[in-house]
There are 2 protein chains.
Amino acid sequence: MPVHQHIRVTADAVVLRFSSKEGMMVLLSKRSIPPHIFKWGLPGGFVHNDEPLEDAVHREIRDETGLKVNYLEQMRTWGHPERDPRGRILCVAHLGLVKPSTSKLILGAGNKEARWYSVKELPATAFDHADVIAGAIEHLRTRLRSEPLAFELLDPKFPVSELEKLYEWVYNRQIDRRNFQKKMHSLGLLSVQQEKLKHPLQGRPAQLYSFNRQKFQELKQKNGYIEIFS
Amino acid sequence: MPVHQHIRVTADAVVLRFSSKEGMMVLLSKRSIPPHIFKWGLPGGFVHNDEPLEDAVHREIRDETGLKVNYLEQMRTWGHPERDPRGRILCVAHLGLVKPSTSKLILGAGNKEARWYSVKELPATAFDHADVIAGAIEHLRTRLRSEPLAFELLDPKFPVSELEKLYEWVYNRQIDRRNFQKKMHSLGLLSVQQEKLKHPLQGRPAQLYSFNRQKFQELKQKNGYIEIFS
DNA sequence: GCAAAAGTGTTTCCTGTACACCCATGC
DNA sequence: GCATGGGTGTACAGGAAACACTTTTGC
């Protein structure tokens, strides 16, 4: 059996970026070779023989877009025999998160083209990548309830409203500002920063906070589970 | 790159069975060939070129143990380059659940030996399979909070106490019987059955229930999320 | 002073939790 | 009748949800 097996493996990533202004954006790169030439696909590619899966994802993202994601986790493996016309190719899909301030793309001299697309307005995508993106959003919906992944999508210092709008986007519903703040403060996950938001477009400048990761770890250790959002 | 890639893929399963008497048991099969000959490993093996991953798992479990799992889902892919001495081999790990009444092993004429082991008293295991089993329990801990996987581990008709003890095992803490029943009944997930438990070892015979899957789907559709257990 | 967004407190209701007694059966 | 596990109700506390007005800034 093993000698006859011929299955190839790619490591791909749904890299997300969020801002209240633009909503959730996903990083796509334009394919320059068949199959699905000129369609948009997830950054990723074939894993090297001696390379850990996560390393492969980091490498491919860097090579295709110059980006360095600050958070990466595996989601699931897509393995339908017919998902790739070139033969049997598994896709080990990952979720990558970047902060708005570090999401500038640096496109190399190569012929790759890459850009951010709104998750709500995707172009024609290659392979089953639209399914993978949908799976990533669903994955986020599950994880954001109890894991501090939201903070990986925000700058190190952020106003509470930005956190709130991220949750509103992910769960597609309105959240009461007062109750949300109360919950976050009662959990103790937010540390007040000296600064306030500079140059708000309009209105009163917002207090900035940072994520108190140590407090989160303490709570998790003590209770085993933390409901951040219900 | 693709032409030089040489990575093989196995589909393996952590198959679990639960009873209040024996606790959580995992299905292991004794390896009859190197590497790790005579150690105990998860049922699984190399995926066929044109075979979906889940089919491969079902096939391997059936071939090695005669068992038909009634629930199967993918967990995650283990891909450390050094995890298998034979070369680069990915393990797409799955979670399989069987009901106590359908967990009898049928060992074929082959030289495979298989048996149930208590998750709390594992023998020496092959590869990184101990990690995979630990990951499966952690996976259960996450999923049982909001998904009705517990019912896949119980017979079609079960006493509430069995459901409760399953949760007690998974979360490793005591649960108040009255509050647990109240919660389950208020959710409406349990349908009363005509029968009561026959021949209880001692004490009053328990009322049997079945899982009301339709009600669960309704709730999930309406609220998007159901907290079964906190 | 007006428009825009940020900050804040109280009441109500519901849900989680703690807790103890009676019931049905086998022996 | 006794041992064993099953079934049930109440009271309290804490968290979730609903809800409106004041504050700070830019223009």
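Numbered from 1 within each chain, the chains take letters A, B, ... in sequence-line order.
- Applying the side chain to side chain contact (heavy atoms under 4.5 Å, CB included) rule to A:Glu218 yields the partners A:Gln214, A:Lys215; only residues at least two apart in sequence or on another chain are considered.
- The stretch residues 221-230 of chain B participates, sequence neighbours left out, in these side chain to side chain donor-acceptor pair (under 3.5 Å) pairs: B:Lys183-B:Glu227.
- Listed by chain and number, the residues in a salt bridge (charged side-chain N to carboxylate O under 4.0 Å, His left out) with B:Glu147 are B:Lys220 (sequence neighbours excluded).
- Close approach of DNA chain D to chain A, defined as any atom under 4.0 Å from a non-hydrogen atom of the protein, starts and stops at D:dA16 to D:dT25.
- Counting only residues at least two apart or in different chains, salt bridge (Lys or Arg N to Asp or Glu O under 4.0 Å) contacts with residues 95-104 of chain B are absent.
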With a cut-off of 3.5 Å and sequence neighbours excluded, list every side-chain donor-acceptor pair involving residues 117-129 of chain A.
unit_1   : atom_1 : unit_2   : atom_2 : d
A:Ser118 : OG     : A:Lys120 : N      : 3.1
A:Asp128 : OD1    : A:Arg83  : NE     : 3.4
A:Asp128 : OD1    : A:Arg83  : NH2    : 3.0
A:Asp128 : OD2    : A:Arg83  : NE     : 2.9
A:His129 : ND1    : A:Leu42  : N      : 3.0

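- For A:Arg204, there are no salt bridge (charged side-chain N to carboxylate O under 4.0 Å, His left out) partners at least two apart in sequence or on another chain.
- Less than 4.0 Å separates DNA chain C from no heavy atom of any residue of residues 140-149 of chain B.
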>> So if I define the base as every atom that isn't primed, P, OP1 or OP2, how would nucleotides 4-17 of chain C read as a B/S/- string at a heavy-atom cutoff under 4.0 Å?
In response: BBBBBBB-----SB

Which atom pairs, donor and acceptor, lie under 3.5 Å between side-chain atoms of residues 130-141 of chain A and protein residues at least two apart or in another chain?
unit_1   : atom_1 : unit_2   : atom_2 : d
A:Glu138 : OE1    : A:Arg141 : NE     : 3.2
A:His139 : NE2    : A:Glu73  : OE2    : 2.5
A:Arg141 : NH1    : A:Val170 : O      : 2.6

>> Under the criterion salt bridge (Lys or Arg N to Asp or Glu O under 4.0 Å), I'd like the reasoning laid out for B:Asp155 against B:Lys157: C-alpha separation, chi angles, the key distance, then a yes or no.
In response: CA-CA 5 Å; B:Asp155 281 322; B:Lys157 295 172 184 177; over 6 Å; no

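- For the side chain to side chain contact (heavy atoms under 4.5 Å, CB included) test, residues two or more places apart in sequence or in another chain that qualify with A:Pro159 are A:Ser161, A:Glu162, A:Ala206, A:Leu208.
- With sequence neighbours excluded, the residues that form a side chain to side chain contact (heavy atoms under 4.5 Å, CB included) with B:Gln207 are B:Val192, B:Lys196, B:Tyr209.
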